[in-house]
Amino acid sequence: MNTNTSSRLLLALSAIGLLFGGFSAVEELFIQPSFMTNDGLVWTLPLVTYIFLALASTGVSIVMASAELTGNEAVNEHKPVLLIAALSLLVGAFAALATEMGSPLNVFWLLLSPNLSSPIWWMGTLYSIELALLSIKLFTLLSGKEQGRGHILTIATLAVAVLAALVLGSVFGTVTGREGFSGLDASLLTLLCALTSGVVLVPLLVNSTARHSMLQPGRILIGALSLLLVVKYVYLVRGSVPSEVSWVALWMPILMIGALASYRAMPVIAALIAMPTLLFIELSFVIQGQLLVLGPKQTWLGSLQSYAPNMAEMGILAFGCSVAYLCYFVLSRILELKNKRLNSPA
């Protein structure tokens with residue numbers, strides 16, 4: 001399948017996803033609640049869609065900024081495309097988050113009610129700053145004004161991206177009374193998921209020379225996440241903490257090892273294996289910490305809940321991913337037009 005055919009297919013799928021997911025978004029924001037949430041299970045697939053896309057954006061941003069700061073010219077020559085990809089993924093993430101908040105008024109209220117002691121507020125703020133930095137970098141790149149400012153913006157983008165991934169993990173790792181979330185490994189998981197997303201997505205956007213330069217760090221990062229999952233699986237299977245639900249299935253590290261094995265020769269296959277696996281890893285982690293019902297809520301919810309996403313929640317996953325790709329498509333066309341104008345004879 002050639003590039004034009006792939007682009008048309010992805011565009012058609014994104015248009016369908018936007019219509020399907022847009023219906024779910026409108027229903028949730030303006031008509032009635034439609035997600036599988038309750039008093040004991042408040043974070044479900046729509047929030048995980050935000051996490052998935054935001055961490056993917058973070059990963060691409062980190063790879064892009066690291067290449068620029070270390071002088072990796074093979075990757076750095078693709079900076080405009082990587083910048084557009086990181087920005088588009090984050091736009092899709094915020095589109096999904098807006099629906100998860102249930103009402104447009106809740107979005108505005110969040111902006112107008114800062115809470116410096118809340119990891120959730122810091123997560124949203126850091127990702128908003130990252131969105132602003134990526135937008136500024138894109139504007140300066142398209143306008144030809146990047147000279148002199150690019151290095152500072154790159155350092156700031158790298159620092160904010162890493163902090164955002166770590167703080168996102170702390171949203172769960174610092175929750176009181178939830179043993180399945182508690183601890184530093186929540187931030188380690190989100191950072192490794194972000195980095196793995198970056199090293200499997202970037203090879204799809206660059207040439208073979210750039211892919212070759214990423215082989216060693218890419219293998220190390222995918223291997224590190226696989227090792228964390230194996231260790232976590234062993235601990236959870238052999239654990240005896242009543243309030244901790246095992247969330248790592250053995251197929252997760254096995255699939256990540258499969259992505260690692262195909263990473264060099266078949267980057268598309270590696271991405272097709274790794275990205276859905278990362279989504280399931282993040283979903284399993286977020287859900288497991290909420291399945292045990294605390295306190296008097298056990299009276300009507302029972303002591304242990306189960307969860308499966310409904311059509312509305314899957315619609316938000318399609319909506320966020322579709323918004324991300326359509327944003328990427330539009331910005332890529334703008335970049336192509338700019339390059340054509342620059343290369344055309346006077």
Side-chain angles (χ1 to χ4, degrees), residues 45 48-49 51-64 66-67 75 85-86 89 161-162 164-173 180-206 210-239 241 244-289 317:
L45 183 58
V48 175
T49 300
I51 292 170
F52 173 67
L53 293 172
L55 289 178
S57 171
T58 297
V60 175
S61 296
I62 292 172
V63 172
M64 175 187 67
S66 299
V75 175
L89 285 165
V162 173
L166 291 171
V167 169
L168 195 156
S170 76
V171 168
F172 303 97
F181 287 151
S182 181
L184 178 64
D185 58 339
S187 288
L188 180 60
L189 176 69
T190 51
L191 181 59
L192 281 176
C193 284
L195 292 170
T196 301
S197 298
V199 297
V200 298
L201 286 176
V202 169
L204 305 183
L205 305 170
V206 300
R211 286 197 293 269
H212 182 76
S213 71
M214 290 183 58
L215 278 178
Q216 184 176 0
R219 286 168 171 170
I220 290 171
L221 292 169
I222 298 172
L225 178 59
S226 303
L227 179 61
L228 175 65
L229 291 172
V230 169
V231 172
K232 195 71 178 175
Y233 173 78
V234 172
Y235 267 74
L236 290 173
V237 166
R238 297 186 59 83
V241 180
E244 190 169 26
V245 178
S246 179
W247 62 271
V248 181
L250 193 55
W251 60 263
M252 294 177 180
I254 290 174
L255 285 180
M256 292 308 302
I257 292 170
L260 178 60
S262 58
Y263 184 62
R264 177 176 182 174
M266 297 176 289
V268 174
I269 299 299
L272 288 174
I273 295 172
M275 293 309 294
T277 304
L278 286 166
L279 175 63
F280 276 102
I281 289 169
E282 292 155 13
L283 178 63
S284 298
F285 173 71
V286 171
I287 295 301
Q288 59 83 27
L317 174 62

How many angstroms lie between [atom1] in [X] and [atom2] in [Y], if you round to the nearest 0.5 Å?
X    : Y    : atom1 : atom2 : result
L260 : L255 : CG    : CG    : 12.5 Å
S197 : F52  : OG    : CZ    : 6.5 Å
L221 : M256 : CG    : CE    : 10.0 Å
L229 : F285 : CG    : CZ    : 11.5 Å
L55  : L195 : CG    : CG    : 9.5 Å
R264 : H212 : CZ    : NE2   : 6.5 Å

Identify, with sequence neighbours excluded, every residue that meets side-chain hydrogen bond (donor to acceptor under 3.5 Å, both in side chains) alongside S57.
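side-chain hydrogen bond (donor to acceptor under 3.5 Å, both in side chains) list for S57, sorted by chain: empty.
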Could you tell me which non-hydrogen atom of [X] sits nearest to which non-hydrogen atom of [Y], and how far apart they are?
X    : Y    : value
Y263 : V199 : OH-O, 2.7 Å
S213 : P217 : O-CD, 4.0 Å
V63  : G198 : CG2-C, 4.0 Å
S187 : L166 : OG-O, 2.7 Å

Under a 4.5 Å cut-off applied to non-hydrogen side-chain atoms, are L189 and L225 in contact?
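Touching, per the 4.5 Å side-chain cut-off.
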Do the side chain of T190 and the main chain of A165 share a donor and acceptor less than 3.5 angstrom apart?
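Indeed, once roles are kept as given, a pair shorter than 3.5 Å links the two residues.
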Output all residues satisfying side chain to side chain contact (heavy atoms under 4.5 Å, CB included) with [X], sequence neighbours left out; order by chain, then residue number.
X    : answer
L188 : L192, L228
V286 : W43, V48, I51, F172, Q290
L236 : K232, E244, S246, W247, V248
A210 : A74, V75, H78, V206, N207

What donor-acceptor contacts under 3.5 angstrom involve side-chain atoms of residues 265-284, with partners at least two apart or in another chain?
| from | atom 1 | to | atom 2 | distance (Å) |
| --- | --- | --- | --- | --- |
| T277 | OG1 | I273 | O | 2.6 |
| S284 | OG | F280 | O | 2.8 |

Would you say CZ of R219 has more than 12 non-hydrogen atoms from neighbouring residues, nucleotides or ligands within 6.0 angstrom?
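More than 12 within 6.0 Å, yes.
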With side-chain contact (heavy atoms from CB on, under 4.5 Å) as the criterion, how do T58 and V162 come out once you've worked through the C-alpha distance, each side chain's angles and the decisive distance to 0.1 Å?
CA-CA 7 Å; T58 297; V162 173; over 6 Å; no
